[in-house]
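Okay, so here's the structure we're looking at.
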2 protein chains.
Amino acid sequence: MLKLFYAPGTCARASHIALREADADFELQLVDFSTAEQRAPEYLGINPKGRVPALQTDAGILTETPAILTYIAQIFPTANLAPLSDPFEFARLQGFNNYLCATVHVAHAHRRRGERWADDPAAIAAMQRKTPESVAACFQLIEDHYLTTPWAMGSTYTVGDPYLFTITQWLPFHNIELTAFPKVADHHSRMLERPAVQAALDAEPARKG
Amino acid sequence: MLKLFYAPGTCARASHIALREADADFELQLVDFSTAEQRAPEYLGINPKGRVPALQTDAGILTETPAILTYIAQIFPTANLAPLSDPFEFARLQGFNNYLCATVHVAHAHRRRGERWADDPAAIAAMQRKTPESVAACFQLIEDHYLTTPWAMGSTYTVGDPYLFTITQWLPFHNIELTAFPKVADHHSRMLERPAVQAALDAEPARKG
């Protein structure tokens, strides 16, 4: 039985949607950020990084969204969530997910997680001020160079789609208008029509903290 | 014919080593950071992100180290550089590489690339001051929770090894002693004994700029 450790509205939503797209039998386990449960000893035993998502499997625990997404695609091959038999297309998908993880999410994280990279409150405030510019630059790159239609990687829906959707939903935190990126906006609308996406959104309680 | 766009001493070294471990037929193409070639129009046509590595293949161009590493492992399966037939072990490797990319490399990048995340020179200086702490915390986590022996993922050498090795070599930039992390230090020594690693180091000119 798979168990996804998540917090509402975080990047864990991508894995949550992917599990529903795969029609997986899984359990959702909320990690309560409002009480810093992600840094409590019990959760650090699950994921020593103190982050979500973590996916508990019969073989052990997995972390890092791109790795979890690919795992879901691989263990539910009939859901066709990744181009598993084409190394180039698979790597293109991995590259897309990796950019979301290591560049876009990181740009976003400078808004509220600046203490990871500086101690000075003025420096943390300076990081916050720049996220509208740095996050928008990432989305401009996605809009101009990476996003295709109807889905992120082309004609076939993949695990890259829930990941892009999840991070797209963070644009309002940076006062960035989704309409600035027409292809991203179309993608976001298309995602909202999917039953798996609606089911995931419905299953996550309102974000706290 | 594969062509790897790289700059000496950067994270592209991981892909460079992996190509040599796979005994791949490939060409190295230097991107000269000292003249900001990575942001010149010609290179932006290869990789719009203006970063290395980029791997040119017959099917197109790939970016992002974890994606390139997995691609190399997949197209040279006899080199046995990833557990391709075990989705859990494959995801564990992906998770390791992803942590190096999205957390460890990002912590390191705050030393000289702070302008990505703040404009204020004082904030950029504050970021620089914290990298010895934040990078060391990453390596402590690797030492305590992730690194096995003799290789990063266990008994079999994988593409996670050249990636860890590459980032380990950045510790001196943060005045972090490798001896603080005995398992990482052992891994680094073991890597230096590999012919593919020595060949890659020999092939890279001294870093400029």
Side-chain angles (χ1 to χ4, degrees), chain A residues 47-49 51 55 57-75 86-99 101-103 105-107 109-110 114-120 122-131 133-134 137 141 144-146, chain B residues 47-49 51 55 57-75 86-99 101-103 105-107 109-110 114-120 122-131 133-134 137 141 144-146:
Chain A
N47 181 2
K49 300 171 198 168
R51 307 267 178 97
L55 184 68
T57 78
D58 290 342
I61 288 164
L62 296 172
T63 60
E64 304 286 334
T65 294
I68 291 172
L69 289 175
T70 302
Y71 177 76
I72 294 167
Q74 289 193 317
I75 63 168
D86 182 331
F88 178 79
E89 286 299 319
F90 184 73
R92 206 165 64 84
L93 169 60
Q94 292 282 99
F96 183 76
N97 286 346
N98 206 87
Y99 179 69
C101 183
T103 301
H105 188 160
V106 166
H110 283 72
E115 78 281 357
R116 290 177 186 165
W117 304 291
D119 295 319
D120 177 12
I124 291 171
M127 293 179 193
Q128 287 179 325
R129 283 198 299 277
K130 188 153 177 143
T131 67
E133 176 189 335
S134 58
L141 190 102
D144 292 344
H145 294 287
Y146 292 102
Chain B
N47 181 2
K49 300 171 199 168
R51 307 267 177 98
L55 184 68
T57 78
D58 290 342
I61 288 164
L62 296 172
T63 59
E64 305 286 336
T65 294
I68 291 172
L69 289 175
T70 302
Y71 177 75
I72 293 168
Q74 288 194 316
I75 63 169
D86 182 332
F88 178 79
E89 286 299 319
F90 184 74
R92 207 166 64 83
L93 169 60
Q94 293 282 99
F96 183 76
N97 286 345
N98 205 86
Y99 179 69
C101 182
T103 302
H105 188 161
V106 166
H110 283 72
E115 77 282 356
R116 290 177 186 165
W117 304 292
D119 295 319
D120 177 12
I124 291 171
M127 292 178 194
Q128 287 179 324
R129 283 197 300 276
K130 187 153 177 143
T131 67
E133 176 189 336
S134 57
L141 191 101
D144 291 345
H145 294 286
Y146 292 102

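Note on naming: letters A, B, ... go to the chains in the order of the sequence lines (proteins, then strands), and numbering restarts at 1 for each one.
Distance CD/A:Gln94 to CG/B:Leu69: 11.0 Å, rounded to 0.5 Å. Atoms CD1 and CG, from B:Ile68 and A:Asn98 in turn, are 9.5 Å apart once rounded to the nearest 0.5 Å. Interatomic distance, CD of B:Glu64 versus OG1 of A:Thr103, reported as 5.5 Å (0.5 Å rounding). For the atom pair NE2 (A:His110) and CE (B:Met127), the distance works out to 5.5 Å, reported to the nearest 0.5 Å. Considering OG1 of B:Thr57 and CZ of A:Arg92, their distance stands at 11.0 Å, rounded to 0.5 Å.
Neither the backbone nor the side chain of B:Leu93 has a heavy atom closer than 4.5 Å to any heavy atom of chain A. Contact of B:Asp86 with chain A is not made at all, since no heavy-atom distance falls under 4.5 Å. For A:Ile61, the part sitting under 4.5 Å from any heavy atom of chain B is the backbone (N, CA, C, O) and nothing else. In this structure, the portion of B:Glu133 lying under 4.5 Å from any heavy atom of chain A is its side chain and not its backbone. Residue B:Phe96: no heavy atom, backbone or side chain, is found under 4.5 Å from chain A. Looking at B:Phe90, the atoms closer than 4.5 Å to chain A (heavy atoms on both sides) all sit in the side chain, from C-beta outward.
Each of B:Gln128, B:Arg116, B:Arg129 has some count of heavy-atom pairs under 4.5 Å with chain A, and the biggest count is that of B:Arg116. Note on A:Asp119, A:Thr65, A:Thr63: by heavy-atom pairs under 4.5 Å with chain B, the leading option is A:Asp119. Among A:Gly114, A:Ala107, A:Ala137, A:Gly60, the residue making the largest number of heavy-atom pairs under 4.5 Å with chain B is A:Gly60. With respect to chain A, the highest number of heavy-atom pairs below 4.5 Å among B:His145, B:Glu89, B:His105 belongs to B:His145.
Residues B:Trp117 and A:Val106 have side chains in contact (heavy-atom distance under 4.5 Å, counting atoms from C-beta outward). Counting heavy atoms from C-beta on, the side chains of A:Ile75 and B:Phe88 never come closer than 4.5 Å.
Shortest non-hydrogen contact noted between A:Leu141 and B:Pro48 is CD1-O, 3.5 Å. The two atoms that bring B:Tyr71 and A:Ala91 nearest to each other are CB-CB, 3.8 Å, heavy atoms only. Scanning all heavy atoms of the two residues, the minimum distance from B:Cys101 to A:Ala102 falls at SG-CB, 3.7 Å.
With B:Lys49 contributing its side chain and A:Tyr99 its backbone, the two residues share no donor-acceptor pair below 3.5 Å.
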